[in-house]
Number of protein chains: 2
Amino acid sequence: MQNRSVTIKDIAKMLNISVATVSRALRDTYDVNAETRQKVLDMARQLNYKPNFNATGLAKGSTHNIGIVLPFITNYYFSTVITGIQEIAYENGFNITLYLTNDSEERELSIIENLSVSSLDGLLVSTSSLSSVHFQELIDMGIPVVFFDRVAKEVVTSKVMQDDFNGAVEATEHLVKNGYRNIAHITGPRGLILTEKRVQGYLSVLEKYQYPVREEWIVYSGFSQESGEGDVNHLLQSADMPDAIFASNDRKAVGAMQALKKRGIAIGSEIGVIGFTNDPISTIISPTLSTIAEPAFDIGKKSCELLLKHITKKNFIPEEVILPCRLIERESTRR
Amino acid sequence: MQNRSVTIKDIAKMLNISVATVSRALRDTYDVNAETRQKVLDMARQLNYKPNFNATGLAKGSTHNIGIVLPFITNYYFSTVITGIQEIAYENGFNITLYLTNDSEERELSIIENLSVSSLDGLLVSTSSLSSVHFQELIDMGIPVVFFDRVAKEVVTSKVMQDDFNGAVEATEHLVKNGYRNIAHITGPRGLILTEKRVQGYLSVLEKYQYPVREEWIVYSGFSQESGEGDVNHLLQSADMPDAIFASNDRKAVGAMQALKKRGIAIGSEIGVIGFTNDPISTIISPTLSTIAEPAFDIGKKSCELLLKHITKKNFIPEEVILPCRLIERESTRR
DNA sequence: CTCCATTCCGGTAACGTTCTCGCTATTAAA
DNA sequence: TTTAATAGCGAGAACGTTACCGGAATGGAG
């Protein structure tokens, strides 16, 4: 093993001073002469010294590491959130380690079970499970957790999400204003706050305009394109067809559009479609897809900022941040 | 600080045995009685013991951590590769920490400079810079590096990539067989192996069929949708227009298609378009996009497997793995 | 000239784990 | 029965860093 890297001992030996002084010099300037501090820094650079995070972690009880737990990264929303997280983490000298649950409750549990809590300063999570005791346990053990997007209701900690309720209101109201009257909503699984809020927003608009509300026009399923297709096929079997579809997700909306196209139904003129996310595909598909833009990047940044506050200030009071969405009108809702 | 977590000392104290025995019992079964081993495991579970990776890392000189360095994750290819990496890492009890370079050479350098090499067992990288001395330094320091996709020519280590040459051959030949004769190629930046190989594959087919080769029909630029649009606008200014476009990337192909649509040029019948990647958008855009499917997930898995071999076997002989691509015919190349 | 406060530095014990070595039983061989 | 081998365990150092505390040197006030 020739790859023994240089340590503060080496620096100390070189300068004939103690490791304690070197350690102080490298961090804060407390109790150390400006001149010796400079000598230490110079020598550190010269020897190409890199701090050993394991040792620091052991001694200080804190690492430069935060974990991200989320369902997957192969979609626009999550990959953009991560990019935002990474931006803030990088600026503050934190590393991020990634845990993918594949949207499986089991796997999420197993990940949390086997987490080396001692090598993590905090956790950013978008959960895939309805229960949240495993996260509560983490918090009780003293490691801060911040939720984003798919948040856990019961846990008291900081949470960051888009304004799902008002986003849904805007989407539905946009359909109303464009002359659609029989509006269906295809959405994610029950139990998710995100799902509930969007349904509430949708219903509130129907109520406001005294438009028809039908049980069978609210379809709960997954977030994938396939489920969007399935949902529409299901909807079109009902006796009275809706003339507009609000999908809780652009991928679902795309699936819906594909299903409509297959049946020769004209999107826009016959049935309006609006999505949620502002995934780039919404500008690529034809007709282009109206949608509610989510501030994914900012959600990532904000989540990370909050987590860092939890980490640095021991008794930081949890904040729930709701970032606004924005309606983007395109062709799919034009009559 | 009430969050002192349980250590092997606690287990040892509970069972009235030494920490050394506990340590051995928790790992291999070497030098420890089956019965005591069981008692230790039971007690560990009962106390909810989680190993401290920092301590392990310090003592063993190895962490359970591998780093991934890549340009970004907000596209289908890279996010899928990461998912593959993560799969293998998870199976083997490794964590992955993510470093995004934003496709900036500067940032990549800064990341490598500040890397805490001691907290990393190995590195998986898709580089954004033409030079590669910084990676060579890492390898010299004894930390294994495996390249994927955007590999560094000069560094001797394991590399995993798709078969860019033959993929390009298949794409070009597919255009030839569908009756296109004047075939242009819009591709990524010069200097990338991946770019070079695809150009070579493209040229080899033109040569084979003795089809026209024009300097101005090979356009080097970026990988984005915008650059695809720009490339086509540039191409259409040339005196003799091509009747087919081979794009080195689906996003570029989409940009190209958008540009063609804007000019009212019929895709397929007038100008054929084929991409590379098999991004899901290729089935969503209309007409659907023919493309060369890359084995992104398998590239991730294979890269990680190789890295783990480098990590465990000190003198593992580097392997260069080339995974096959696959032609997918869709509407954009149908006359 | 004495005394005290301040500045700066060093020694040393932690942090949680693994590793090396040596010791004690126990078993097998003679 | 004696001896050698082996299985199982413990003591203590080490990994690189930080935290705590004590002490030497310096300067200024009296």
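The figures here come from the full heavy-atom set of this structure, side chains too, leaving out hydrogens, waters and symmetry mates.
Remark: P of C:dG11 and CD1 of A:Ile17 are 11 Å apart, rounded to the nearest angstrom. Atom CG of B:Asn52 and atom C1' of D:dG16 are 14 Å apart (whole Å). Between B:Ile11 atom CD1 and D:dG10 atom P the separation is 14 Å, expressed in whole Å. Across the protein-nucleic acid pair, B:Leu26 atom CG and C:dG16 atom P stand 15 Å apart, rounded to whole Å. Atom NZ of B:Lys9 and atom P of D:dG10 are 16 Å apart (whole Å). The CG-C1' distance, from A:Leu15 to C:dC8, rounds to 16 Å in whole Å. For the pair A:Asn16 CG and C:dG11 P, the interatomic distance rounds to 11 Å; values are reported in whole Å.
Residue B:Ile8 has its side chain nearest to C:dT18 when only C:dT18, D:dT17, D:dC9 are considered. In the set D:dC9, C:dT18, C:dG10, C:dT18 carries the atom at the smallest distance from any side-chain atom of B:Thr56.
In this structure, CD1 in B:Ile299 is found 10.5 Å from OG1 in B:Thr80, a value given to the nearest 0.5 Å.
Contacts of B:Ser118 with the nucleic acid, taken as non-hydrogen atoms under 4.0 Å apart, are absent. No engagement by A:Phe53 is indicated, since no non-hydrogen atom pair under 4.0 Å with the nucleic acid exists.
Dashed line: the shortest gap from a side-chain N or O of A:Ser18 to OP1 or OP2 of C:dG11 is not under 4.0 Å. Distances shown here put every side-chain N or O of B:Thr7 at or beyond 4.0 Å from the OP1 or OP2 atom of C:dC15. For D:dG16, neither phosphate oxygen OP1 nor OP2 lies less than 4.0 angstrom from any side-chain nitrogen or oxygen of A:Asn54.
Judged as a ring pair (Phe, Tyr, Trp, His ring centres under 6.0 Å), and not counting sequence neighbours, A:His134 has no contacts.
Distance alone, capped at 3.5 Å, places no donor-acceptor pair between the A:Arg45 side chain and the A:Leu41 backbone. In this structure, A:Lys302 contributes its side chain and A:Lys159 its backbone to no donor-acceptor pair below 3.5 Å.
Under the 4.5 Å side-chain criterion, counting only non-hydrogen atoms from C-beta, A:Ile82 is in contact with A:Leu98. B:Ile66 is listed as a side-chain neighbour of B:Leu124, based on a closest heavy-atom distance under 4.5 Å.
Nearer the 5' end of DNA chain C, as judged by each residue's closest nucleotide, is the contact made by A:Val32, out of B:Leu58 and A:Val32. Toward the 5' end of DNA chain D, the nearer of the two residues B:Val22 and B:Ala55, judged by each one's closest nucleotide, is B:Val22.
Between B:His64 and B:Phe53, the two ring planes are parallel [angle under 30°; tilted spans 30° to 60°].
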What N/O pairs connect the protein and nucleotides 19-25 of chain C at under 3.5 Å? Give each pair on its own line.
{"from": "C:dC19", "atom 1": "OP2", "to": "B:Arg27", "atom 2": "NH1", "distance (Å)": "2.8"}

